[in-house]
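To start, the structure itself, in structure tokens.
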Amino acid sequence: MTRMDATEYPGARDSGAILFPVSDYDLAATLDSGQAFRWRAVDDAWEGILAGNFFRLRQTTDGISAELLGSAASQHGPRTTHSEQLRDYLQLDVDLAAVIATFPEDAPMRAAVAACRGLRLLRQEPWECLVSFICSSTKQIVQIRQIIARLCERFGEPIPVAAEVRRLHSNAERGAQKAKGKLEPSDVGSDRAFAFPSASRLAGVSETELRACKMGFRAPYVLAAAQTVASGGLDLARLHLLATDEARVKLMELPGVGRKIADCVLLFAYGKQDAFPVDVWVRRALTELYFPHRRPTPQRLERFANTHFEPNAGFAQQYLFHYVRTLRPKK
DNA sequence: CGCCAGGCGAACA
DNA sequence: TGTTCGCATGGC
């Protein structure tokens with residue numbers, strides 16, 4: 001295991017943990033808010049894989065601590081240091097107060113901000129984000145997680161994990177899973193980790209194998225996306241150079257990718273703030289919060305969504321989504 | 001059990 | 001340009 005660069009966390013030198021000082025960051029809300037689907041809560045920490053690196057993150061009083069638990073043998077993603085990877089992925093340099101200051105000043109937005117203090121947007125890897133949201137259509141978030149977990153377990157590159165970490169996992173995790181009677185094959189591997197499978201890897205699997213990951217009718221969409229990206233028909237690494245509208249057109253050329261999924265990728269992987277994914281939850285939020293006891297036409301709602309929340313509309317959208325989905329689920 | 005889930009595309013008018 | 005419907009699968 002390589003030692004991480006950057007300031008080490010005092011008192012945690014043995015584990016190689018480093019501390020990122022940051023305030024106003026709710027790690028749990030951010031990692032568990034339906035933007036990304038690979039983070040797991042393990043005791044008081046969050047574990048996930050990023051560009052082939054297996055990280056454990058913790059919210060601390062001063063910020064966020066990070067440990068590297070293992071890495072895939074081959075190079076995944078850009079050649080940056082681990083700390084740079086995390087800094088970019090977690091968007092630690094974003095001034096959240098400055099972003100929130102640009103939100104529209106109305107009662108619904110104020111309520112959402114007050115309820116979701118510290119919620120952030122991640123900056124994910126485009127390929128993983130694209131596949132994840134192709135698999136998201138008409139699926140609940142828990143199911144999306146299961147699909148993606150199976151996909152990685154079956155086709156992703158294994159990540160060697162130190163024996164000490166492995167033992168900790170098998171004890172804590174399996175006990176909890178067994179108690180709930182939910183020990184599935186894909187959960188048994190909780191002491192193993194896998195990188196997200198590359199486009200070229202998935203381009204070579206069969207639709208049947210993808211369907212075995214329980215992604216149903218989305219399987220041919222994932223396969224087509226993998227083949228298009230692997231063959232160079234769509235260069236995900238260069239999409240960030242395009243304006244949002246042009247990048248959206250490119251993404252929507254893929255079968256199974258419509259406006260909503262394209263906007264999720266534009267927002268969560270490319271940081272395009274003028275992307276505003278409107279799903280059932282956001283539609284519900286907009287209708288209930290801004291048009292109570294009225295019945296806005298779809299066009300009216302779309303125009304409102306596209307004009308009211310600038311210039312950080314995507315960020316505002318995530319606050320509304322998280323607000324209505326998790327903080328007032330009953331009603 | 002029926003309903004719905006961070007939708008999309010084909011088939012229609 | 002605007003609805004309607006089928007699509008896999010599983011949680012509640």
Side-chain angles (χ1 to χ4, degrees), chain A residues 29-39 112 116 119 121-122 124 128-151 177 180-187 206-225 228 248-270 272 275-289 295-303 305 309 313-331:
Chain A
T30 300
L31 298 181
D32 202 27
S33 61
Q35 328 176 38
F37 304 96
R38 291 251 280 157
W39 291 96
C116 308
L119 178 64
L121 282 181
L122 299 169
Q124 300 178 51
E128 175 172 344
C129 189
L130 173 62
V131 174
S132 298
F133 280 95
I134 286 176
C135 292
S136 77
S137 68
T138 1
K139 277 289 175 196
Q140 297 179 124
I141 290 176
V142 282
Q143 296 179 33
I144 303 168
R145 286 205 185 93
Q146 290 170 4
I147 293 169
I148 300 304
R150 287 189 188 95
L151 192 67
Q177 294 289 334
K180 292 159 81 175
K182 288 189 169 183
L183 196 62
E184 283 185 37
S186 58
D187 292 325
S206 69
E207 183 183 320
T208 305
E209 289 177 287
L210 291 179
R211 283 184 185 263
C213 297
K214 307 298 184 185
M215 65 177 71
F217 61 84
R218 304 155 194 85
Y221 299 153
V222 170
L223 188 53
T228 301
R248 181 185 291 124
V249 168
K250 292 284 188 190
L251 288 170
M252 287 177 65
E253 286 174 2
L254 296 170
V257 179
R259 170 67 185 245
K260 190 269 169 182
I261 289 176
D263 276 13
C264 283
V265 177
L266 291 170
L267 181 61
F268 300 138
Y270 294 97
K272 302 284 192 184
F276 194 98
V278 177
D279 70 338
V280 290
W281 288 102
V282 172
R283 182 166 296 115
R284 195 171 301 162
L286 294 179
T287 304
E288 286 183 12
L289 299 174
R295 182 164 286 279
T297 65
Q299 309 96 290
R300 176 83 184 89
L301 209 57
E302 186 185 335
R303 201 167 63 83
F309 299 97
F315 227 112
Q317 175 272 162
Q318 191 64 11
Y319 272 78
L320 293 173
F321 176 78
H322 196 252
Y323 179 51
V324 296
R325 187 179 75 88
T326 66
L327 301 178
R328 8 172 305 183
K330 40 211 169 259
K331 187 162 118 46

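No experiment lies behind these values; they were computed from the predicted model shown. All chains are named by letter (A, B, ...) in the order of the sequence lines, taking the proteins before the strands, and each is independently numbered beginning at 1.
- Distance CZ (Phe217(A)) to P (dC5(C)): 17 Å, rounded to an integer number of Å.
- With rounding to the nearest 0.5 angstrom, the CG atom of Leu130(A) is 6.5 Å from the CG atom of Leu251(A).
- The shortest side-chain heavy-atom distance between Phe37(A) and Ile141(A) falls under the 4.5 Å cut-off.
- Proximity of Arg325(A) to Arg284(A): side-chain heavy atoms (C-beta onward) are nowhere separated by under 4.5 Å.
- For the pair Val222(A) and Cys135(A), the minimum side-chain heavy-atom distance is below 4.5 Å.
- By the stacking rule of 5.5 Å between ring centres and under 30° between planes, Phe321(A) stacks on the base of dG6(B).
- In this structure, Arg218(A) atom CZ and dC8(B) atom P are separated by 11 Å, rounded to whole Å.
- Straight-line distance between the P atoms of dA8(C) and dA11(B): roughly 15 Å, to the nearest whole Å.
- For Tyr221(A), whose side chain is taken as the heavy atoms from C-beta onward, the closest listed nucleotide among dG6(B), dG9(B), dT9(C) is dG9(B).
- At the heavy-atom level, Thr138(A) lies under 4.0 Å from base atoms of the strands shown.
- In this structure, Glu128(A) and Arg38(A) have side chains that are in contact, with non-hydrogen atoms separated by less than 4.5 Å.
- The base of dG6(B) sits within donor-acceptor range of the side chain of Gln318(A), with an N or O pair under 3.5 Å.
- Between Ile144(A) atom CD1 and dG10(C) atom P the separation is 14 Å, expressed in whole Å.
- Checked against dG2(C), dG6(B), dG10(C), the side chain of Gln299(A) finds its nearest nucleotide in dG2(C).
- Proximity of Phe268(A) to Leu121(A): side-chain heavy atoms (C-beta onward) are separated by under 4.5 Å at one or more points.
- Rounded to whole Å, the separation between the P atoms of dG7(B) and dT1(C) comes to 25 Å.
- Nucleotide dG7(B) holds its C1' atom 14 Å from the CG atom of Leu130(A), rounded to whole Å.
- Residue Phe268(A) is in base contact, counting any heavy-atom pair closer than 4.0 Å across all strands shown.
- Annotation: dG6(B) and dT3(C) have their P atoms spaced 24 Å apart (nearest Å).
- The shortest side-chain heavy-atom distance between Tyr323(A) and Leu119(A) does not fall under the 4.5 Å cut-off.
- When the P atom is used for both dG6(C) and dA13(B), the distance is 16 Å, rounded to whole Å.
- The residue Thr297(A) sits apart from the nucleic acid: no heavy atom pair falls under 4.0 Å.
- Contact between the side-chain N/O atoms of Arg284(A) and the OP1/OP2 oxygens of dA5(B) is found at a separation under 4.0 Å.
- When side chains are defined from C-beta on, Val324(A) does not count as touching Val282(A), because their heavy atoms never get closer than 4.5 Å.
- Judged by atom type and distance alone, Gln317(A) reaches the base of dG6(B) through a side-chain donor-acceptor pair under 3.5 Å.
- With rounding to whole Å, Lys139(A) atom NZ is found 11 Å from dG7(B) atom P.
- Secondary-structure annotation of DNA chain B gives the stems B:2-5 with C:9-12, B:7-12 with C:2-7, with a stem taken as at least 3 successive Watson-Crick or G-U pairs whose two distances both fall under 3.5 Å.
- With distances taken from any side-chain atom of Lys214(A) to the nucleotides dG7(B), dG10(C), dA8(C), the minimum falls on dG10(C).
- Among the heavy atoms of the strands lying under 4.0 Å from Arg211(A) are primed sugar atoms or P, OP1, OP2 only; no base atom is included.
- The side-chain heavy atoms of Arg145(A) and Val142(A), taken from C-beta on, include a pair separated by under 4.5 Å.
- The distance from atom CE of Met252(A) to atom P of dC8(B) is 7 Å, rounded to the nearest whole Å.
- Protein atom CZ of Arg325(A) is 15 Å distant from nucleotide atom C1' of dC4(B), rounded to whole Å.
- Separating the CZ atom of Arg283(A) from the P atom of dA5(B) is a distance of 11 Å, rounded to the nearest angstrom.
- Both Gln140(A) and Gly256(A) sit near DNA chain B, but only Gln140(A) has its closest nucleotide nearer the 5' end.
- Residue-level contact check: Leu210(A) touches neither bases nor backbone, having no heavy atom under 4.0 Å from any strand.
- Taking only side-chain atoms of Val142(A), from C-beta outward, the nucleotide of dG6(B), dA8(C), dG11(C) with the closest atom is dG11(C).
- Not one side-chain nitrogen or oxygen of Arg259(A) sits closer than 4.0 Å to the OP1 or OP2 atom of dG7(B).
- Residue contacts for Val278(A): at a heavy-atom cut-off of 4.0 Å it reaches no nucleic acid atom on any strand shown.
- Comparing Leu254(A) and Val282(A) against DNA chain B, the residue whose closest nucleotide sits nearer the 5' end is Val282(A).
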